[in-house]
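The structure under discussion appears below in the form of structure tokens.
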Amino acid sequence: MSPRRSSKLENPEESPFLREALQVAYYHCVLEMPLKSIADQLGKSPATITRRLDEVRQAGWLRDRPQFDPPAHLWNELQSHMTCANIEADLQEAFGSNLLSKITVLPTAIRPPEDPTRDSNAASLLRASKFAAHRLSEFLATGPHVVGINWGWSVRQCITNLQPTAPNPELQFLPMVGNLSLDETDPHFEEAIECSSNRLAQAAATAFGAPRAPRLSTPAYIPRRFHKDRAGLLAIRDFIQNDTSYRRIFGDDTQSGLIDQVDTILTGLTSLDVRTLPLYRPNLITEDDIPVLHRAGVLGDIALHLVASLTVPSETAKVAEGRELVKTLNDLIVGASPDDFLRVAQRARGVNPKGLGVVVVAVGPWKAPILTAAIRMGVINELVTDQETAQSIGRELGLHFVNSGQNQ
């Protein structure tokens, strides 16, 4: 952003375009939206958007790094207009605040799929991740917290954007799942390592100047070929769960683990997607499994455990086959479980909670079914998403959002 020589406005707070100008500055500087996307989002011309940004700069609230720093009293009054507050309110009412304590819906320039300039999923995910990173940076700035870090691209985007203002040595970060078993010759090997729970927990600890995160040296799942041998499967699971790193995090029959102290979990959610499930779980889920799982009503996973819709009829042979496959695959998962997520979420709903509970960063309208199911299961306290995904969740609930493109 090139500097401009402009005198400050005499009374910027009296401008009839104050709220719109702050929206433009927030979208551009904090969420890093291109000016053209902001113009489409607000239904304004690019020239108008540029003028609004200049007004914030002339008021002295925008420096050319760029850094957006409006007066605190204005921000407290207008910050709810920076996100899609009407959609947030409708979704929270539909689910109930007892289930979903906070939902943040960031603006998306929604256009027809054939439009080549359509706002990309990657850009929307980056905005959601930056928002979540800012939320965590503020909340975890002081005091002791034990934070569970899941694996995945959404989590990585958030962790790499953490910018705490000061170190907090009272924090403890934990990986929630072990290593995804990819061969080094696999083309997705490096990406799986970068998005691993171990790597991300270490990165989060470094960002906050916290003690080094413990490493979970066990695999995230047992290869599928062992499932038919029940005795062998139990022996392998017993071997994994007696690993020192595993017992430290998850405990055993004789001692509790650090998981019982977790007050905040950062995670994404994976939909049932042929492009991602087999890639990161070779020898566990194959492309041939996908149609079988679809017939069983599988929506996605929570902590690697597959979650199926309860509305799918169970009397057909094909559905029964799919449900049996779900049970088989879930039997092979080690590490954190949906029950662990639920316990953390429930503690956050208690009196004087220490943490945020389960914070989910998820973008993509195809994730609406698994997000809806997870919220109803009670395993999400806070959701950070984009407008397009939120509208898809609304359709899952039978909601129709009026005038949802711009806050009123």
Side-chain angles (χ1 to χ4, degrees), residues 99-104 125 128-133 135-136 139-140 145-162 172-180 192 194-205 213 216 220-221 249-250 258-259 262-273 276-277 280-281 299-307 330 333-349 355-364 367-386 389 393:
L99 279 181
L100 194 61
S101 61
K102 182 178 177 63
I103 177 169
T104 301
L125 176 58
S129 300
K130 283 179 176 291
F131 185 96
R135 169 81 166 139
L136 290 170
F139 184 83
L140 300 176
H145 295 281
V146 181
V147 185
I149 302 295
N150 205 2
W151 77 288
W153 188 254
S154 300
V155 179
R156 183 180 184 275
Q157 292 284 76
C158 181
I159 296 299
T160 56
N161 283 288
L162 288 172
Q172 173 76 77
F173 290 93
L174 303 178
M176 300 299 287
V177 297
N179 300 309
L180 294 171
E194 289 297 319
C195 295
S196 71
S197 188
N198 278 313
R199 178 72 62 87
L200 298 177
Q202 298 290 355
L216 188 57
Y221 61 88
I249 293 174
F250 296 105
L258 291 170
I259 187 71
V262 170
D263 59 56
T264 302
I265 290 176
L266 175 63
T267 185
L269 284 185
T270 306
S271 59
L272 183 57
D273 183 351
T276 57
L277 287 184
Y280 298 113
R281 297 167 226 185
L299 306 173
D301 76 74
I302 299 171
L304 298 180
H305 292 71
L306 298 174
V307 176
N330 286 346
I333 306 300
V334 292
S337 70
D339 286 343
D340 291 320
F341 279 49
L342 183 59
R343 280 191 287 271
V344 174
Q346 289 174 334
R347 288 199 290 268
R349 296 186 184 104
L356 296 176
V358 180
V359 179
V360 172
V361 182
V363 166
K367 293 189 176 183
I370 183 60
L371 287 169
T372 302
I375 294 170
R376 285 173 167 164
M377 289 169 62
V379 297
I380 299 178
N381 300 96
E382 297 195 11
L383 172 62
V384 182
T385 189
D386 69 340
T389 308
I393 294 173

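As the structure is a computational prediction, the values presented were derived from the model and not from experiment. Heavy-atom basis, side chains included; hydrogens, waters and symmetry copies ignored.
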Between Ser101 (side chain) and Asn381 (backbone), is there a donor-acceptor pair under 3.5 Å?
yes

For a 4.5 angstrom cut-off between non-hydrogen side-chain atoms, does Arg135 reach Leu356?
yes

Minimal non-hydrogen separation, Ser129 against Gln157, with atom names
OG-CB, 3.1 Å

Which atom pair, heavy atoms only, marks the closest approach of Ala205 to Ala213?
CB-N, 4.2 Å

I need the Gln202 CD to Phe173 CZ distance, nearest 0.5 Å.
11.0 Å

Where His305 and Ser337 come nearest, the two heavy atoms and their spacing
CE1-CA, 3.8 Å

Contact summary for Trp151 and Val177, nearest pair of heavy atoms
CD1-CG2, 3.9 Å

Can you tell me if Thr385 uses its side chain to pair, donor with acceptor, with the backbone of Ala362 under 3.5 Å?
yes

Determine yes or no for a side-chain-to-main-chain donor-acceptor pair under 3.5 angstrom, with Asn330 supplying the side chain and Leu306 the backbone.
yes

Using side-chain heavy atoms (C-beta onward) and a distance below 4.5 Å, is Asp301 in contact with Ile333?
no

If we only count heavy atoms from C-beta on, is the Val361 to Val155 side-chain gap below 4.5 Å?
no

What I'd like to find out is whether the side chain of Thr372 reaches to under 4.5 Å of the side chain of Arg376, using heavy atoms alone.
yes

List the steps and the verdict of side-chain contact (heavy atoms from CB on, under 4.5 Å) for Ile103 and Ile375.
CA-CA 11 Å; Ile103 177 169; Ile375 294 170; 6.0 Å; no

Pick from Ile259, Thr267, Leu266, Leu216: which one makes a side-chain contact (heavy atoms from CB on, under 4.5 Å) with Met176?
Ile259

For Pro175 and Ser197, work out which heavy atoms get closest and say how close.
CA-OG, 3.1 Å

For a 4.5 angstrom cut-off between non-hydrogen side-chain atoms, does Arg347 reach Asp263?
no

Side-chain heavy-atom pair Val307, Pro338 within 4.5 angstrom cut-off
no

Apply the test side-chain contact (heavy atoms from CB on, under 4.5 Å) to residues Thr264 and Leu136: give CA-CA distance (whole Å), side-chain angles for both, the deciding distance (0.1 Å), then the verdict.
CA-CA 10 Å; Thr264 302; Leu136 290 170; 4.3 Å; yes

The test is side-chain contact (heavy atoms from CB on, under 4.5 Å); show your working for Met377 and Phe341 and say whether it passes.
CA-CA 10 Å; Met377 289 169 62; Phe341 279 49; over 6 Å; no

Nearest heavy-atom approach of Ala348 to Gly357 is CB-CA, 3.4 Å

Taking C-beta and beyond as the side chain, do Leu269 and Ile380 meet within less than 4.5 Å on heavy atoms?
yes

Distance from Lys102 atom NZ to Leu383 atom CG, nearest 0.5 Å?
11.0 Å

Can you tell me how far the OG1 atom of Thr270 sits from the NZ atom of Lys367, to the nearest 0.5 Å?
6.0 Å

Does Val363 form a side-chain contact (heavy atoms from CB on, under 4.5 Å) with Ser154? I'd like the steps, not just the answer.
CA-CA 8 Å; Val363 166; Ser154 300; over 6 Å; no

Any Phe250 side-chain heavy atom under 4.5 Å of Val334 side chain:
no

So CD1 of Ile149 and OG of Ser196: to nearest 0.5 Å the spacing works out to 11.5 Å

